[in-house]
Protein chains: 2
Amino acid sequence: MTAETDESFGDVTPDAARRLLLGAVEAFAERGFHATTTRDIAGRAGMSPAALYIHYKTKEELLFQISRVGHERSVHLMEEATAGDGSAAERLAHAVRSFARWHAEHHTTGRVVQYELAALSEQHYAQIVRLRRRTEDILRGVLQDGVASGEFAVGDIRGTALAVLSLCVDVARWFRPDSRRTPDEIGVLYADLALRMAGHRAG
Amino acid sequence: MTAETDESFGDVTPDAARRLLLGAVEAFAERGFHATTTRDIAGRAGMSPAALYIHYKTKEELLFQISRVGHERSVHLMEEATAGDGSAAERLAHAVRSFARWHAEHHTTGRVVQYELAALSEQHYAQIVRLRRRTEDILRGVLQDGVASGEFAVGDIRGTALAVLSLCVDVARWFRPDSRRTPDEIGVLYADLALRMAGHRAG
DNA sequence: GTCTATACAGGGATAGAC
DNA sequence: GTCTATCCCTGTATAGAC
């Protein structure tokens, strides 16, 4: 139950349900969904295995809640960073800095959100895919704006948008808290890399 | 048993051991290591569950063989692409095109290689980490060469090398064979993106 | 080397008391 | 809402025949 995970699920009630969610995030991130036992999750939450089923119907529902909240947070970050009347370059930099930083700061949640999708039920998966599309659309829109305004030089907008997202998402895979870079430093570096990928001329 | 997987493990003998390996690659890529049963693997190879243990001591050993061969292939690709006396820009482009293309063409193997490391035993994991370091070192060396020769403008060489690898690796996560791009088109696009990330001025 | 049969452990989920 | 106890299935791995 690190400070990291606390933040994203802070408003989940009752308290026991939140503790279970936090335990599940940690366990899923460490071992993966299928290698995690309900006993482990309940143990981390300081409860008996049976108590889990008072708050969640199945282990998969626990994964779905984590995935849903994480993806909603992603969409929100993207919307927030790209809203406003800045230039396309400013909005791209803001979005990438924020998105990459989130995947470093919340690498535990991020790992579950990005790499455990296959364990979701078909219906839950479909719901998550809709959220993922929104995130992609927002970023692609920023690249399109920049090309239209002449700020960016991008041949393949769809491919480049996918690549930029890909770069940010992958931070959750390799980031370690004892890394030589802080989450914000990663955000700053990645915002610069994204501008370069978009063919933005500095100055 | 797609044509894709055939290639990487073509020289594994005897035949039964190879079929098991190919079945395991498919199953691990689809469901993940822990969600895959030995019955499933044996079934894909057209054998009884018990036959698996004639050729492999444990399920984990099967994963290790896949991971080892895949990582050795990665190192080999990197070495081949960055050898020779081309400019740093040529060598970077070649390496990234080759590495990204491999993760698209062999996305099934790639998924297992990149995303199932946590399921390896401690000793096997340590062995794999050594191979991963070599791949990173080679790419970092190319970036360093380019900065030294004035071809590239990179502030954070280590961070940029990591980001370029990250970009290529993540192809295995999102690539689908029915994608709108061929593996080689992805390779070409990513080589261009990597040159941009390295601050290379075209022409 | 491959099969059928099975031992044995582990884990998701529930029953019923408090 | 939480506990203890437990059901019952699944899955890894082995035994022993062919």
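Protein chains get the first letters and strands the later ones, always in sequence-line order, with residue 1 at the start of each. Side-chain atoms are counted along with the backbone in the values below, which use heavy atoms only and exclude waters and symmetry mates.
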State which residues pass side-chain hydrogen bond (donor to acceptor under 3.5 Å, both in side chains) with [X]; sequence neighbours excluded, sorted by chain then number.
| X | result |
| --- | --- |
| B/Glu116 | none |
| B/Glu30 | B/Arg44 |
| A/Gln127 | none |

**Message:** Can you list everything that forms a salt bridge (Lys or Arg N to Asp or Glu O under 4.0 Å) with A/Asp145? Sequence neighbours excluded, please.
**Reply:**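 Only A/Arg91 meet the salt bridge (Lys or Arg N to Asp or Glu O under 4.0 Å) criterion with A/Asp145.
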**Prompt:** Which residues satisfy the salt bridge (Lys or Arg N to Asp or Glu O under 4.0 Å) test with B/Arg31, sequence neighbours excluded?
**Reply:**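 Scan of B/Arg31 (salt bridge (Lys or Arg N to Asp or Glu O under 4.0 Å), adjacent residues dropped) gives B/Asp40.
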**Prompt:** Could you run down nucleotides 13-18 of chain D 5' to 3' and tag each one B, S or - for protein heavy-atom contact under 4.0 Å?
**Reply:** BBB---
**Message:** Going by ring-ring contact (aromatic ring centres under 6.0 Å, His included), name the pairs with one or both residues in residues 36-88 of chain B, residues two or more places apart or in two chains.
**Reply:**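 Output for this query lists B/Phe64-B/His124.
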Quick one: [X] [atom1] to [N] [atom2], roughly how many Å, whole number?
| X | N | atom1 | atom2 | answer |
| --- | --- | --- | --- | --- |
| A/Leu20 | D/dG1 | CG | P | 12 Å |
| A/Ile41 | C/dG10 | CD1 | P | 18 Å |
| B/His55 | D/dT12 | NE2 | P | 17 Å |
| A/Tyr56 | D/dG1 | OH | P | 12 Å |
| A/Ile54 | C/dT14 | CD1 | C1' | 12 Å |

**Request:** Look at all strands and tell whether B/Thr37 reaches a base, only sugar-phosphate, or nothing, counting heavy atoms closer than 4.0 Å.
**Result:**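 Sugar-phosphate only.
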**Message:** Applying side-chain hydrogen bond (donor to acceptor under 3.5 Å, both in side chains) as the test, list every pair that has at least one member in residues 154-164 of chain A; sequence neighbours left out.
**Reply:**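 Listed by first then second residue: A/Asp156-B/Arg181.
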**Asked** Heavy atom of residues 27-36 of chain B under 4.0 Å from DNA chain C: which residues?
**Response**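 By residue number: none to list.
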**Prompt:** Heavy atoms, side chains only, cut-off 4.5 Å: are A/Leu62 and A/Leu52 in contact?
**Reply:**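 With C-beta onward as the side chain, the pair touches.
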